[in-house]
Visitor: 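Input: one structure, supplied below.
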Amino acid sequence: MNDTTNSTPDRRKALKMLALGSTGLFGLFNSPKVRAERHETPQYQKGAPPVTITRVRAITTAPGGSNLVIVKVETSEPGLYGLGCATFTQRAAVVVPAVDIYLNEFCKGRDVDNIEDMWMSAYLSSYWRNGPVLNNALSGLDQALWDIKGKRARMPVYQLLGGRSRINVDTYIHASGTTVEAIADQVQKFMDQGWRHVRIQQGGYGGVGAFGEAVPDFKAANYARQTDGYSDAAEYLRRVPRMFEFMRKKCGEKVELLHDMHEQVEPIQAINMIKSLEQYRPFFIEDPFSPENMTWFKQLRTSTPVPIAMGELFNNINEFKEPMANQLFDFIRCHISQLGGITPAMKVARLGEWFNVRTAWHGPGDTSPVGHQANNHIDLAVFNFGIQEGQVFNDKVREVFPGCPVIKNGYYIVTEEPGLGIDINEKEAAKYPIKYSGMNTLRKGDGGIIKP
Ligand code: MG
């Protein structure tokens, strides 16, 4: 009697398990442990218990020379994690405790799904609005959560941002040299490889070598650091129009030419020089003024129609909301991790759409390959994409970052991998420790500092 009464519920339970799917036999096959062994990410399911954050940590590496900071967000789902770029290359070591100490505690146990809420709560809970260190840490978290969301949806992140607005991401590449002939050779080489846009720099920051015949010996004067840069503004202002003239003569009209001023001359000098470049049809001139000189834009805009890119040093929407709404420049040049990741960058991009300000996200070697992937996914999705600063990564960087983006025919090729489509090999990353760096002080001949 007892046997019968005991076995009946057992049989019923077994039948129920078979019938219930995810909570029955299927559930056994689909348990987190088994899925992890199969290297499968569980798809988002309505009503399923939340996937929570178990740990947030920073990984530092410098395989390409620049200090890079990556954030890894680990979750309650075995094998499921996300990566984000938190690279503030000049102060990389300071971002690490912001991630490992602060963000780790802040995020533990929270649902991975609610990115907007997570971003806002992390941003506002410091009471004083974030500066570059906390913004970069937050970007690492934000991008990693988008990566996780993509993996759970089994879709590339650009699909979650609205899908494609274009086939591939058009890039520009850097040509620099000490002579105009050397720069023209590089431009031609890049054109032959398929690029349609090339940034040209001669000497100084962003170029090769210094301007002027006599570079001051700051060390001998017992002033400043010998490694500090030097810029001769007058020489710079003479050279740039000659460089453009030479490129147009040598390389023709088919290539789009860009130039970054790096804010290194007086605003009125910048306006005069940009005006003189009109005849060479620049695609854009970047960073004519330091962020402290924003009011000069009005005079620049009424003086010349040369397209302008600005915003590399912006890190808070209050710095660029008004200039964008007043169409004071044509391309917004934010460093996405500096803003706080994909979430705020999408808002900047959408703001630009209404004022016909196009995107040109910062993308040099001190944006990690994870950050480049974040740029690329946004670039594919937003309507008002302009151009993307491209980077050709060396073999060491590729070994550290499996899935590192590649450029073909001048276009970044974005794969269909779920999430951001990039990983990190931590063993390889550890081979390239970060170094103290970031003293990019630029000086005049008399030793006075030039504001970037
Ligand atoms: Mg720049």
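As the structure lists them, so they are numbered: ligands from 1, and atoms in each ligand from 1.
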Visitor: If you look at Asp260, which of its N/O/S atoms is nearest to the Mg ion (ligand 1)?
Guide: OD2
Visitor: Just so I know, are the side chains of Glu263 and Leu313 near enough to count as touching, which here means a heavy-atom distance under 4.5 Å?
Guide: yes
Visitor: What's the atom name of the N, O or S in Glu286 nearest to the Mg ion (ligand 1)?
Guide: OE2
Visitor: Indicate whether the side chain of Asp423 and that of Tyr81 have a donor and an acceptor atom separated by less than 3.5 Å.
Guide: yes
Visitor: Inspect the contact between Lys431 and Glu428 and indicate whether a charged nitrogen and a carboxylate oxygen are less than 4.0 angstrom apart.
Guide: yes
Visitor: For the pair Arg301 and Asp330, find out whether any cationic side-chain nitrogen is under 4.0 Å from an anionic carboxylate oxygen.
Guide: yes
Visitor: State the atom name: nearest N, O or S atom of Glu312 to the Mg ion (ligand 1).
Guide: OE1
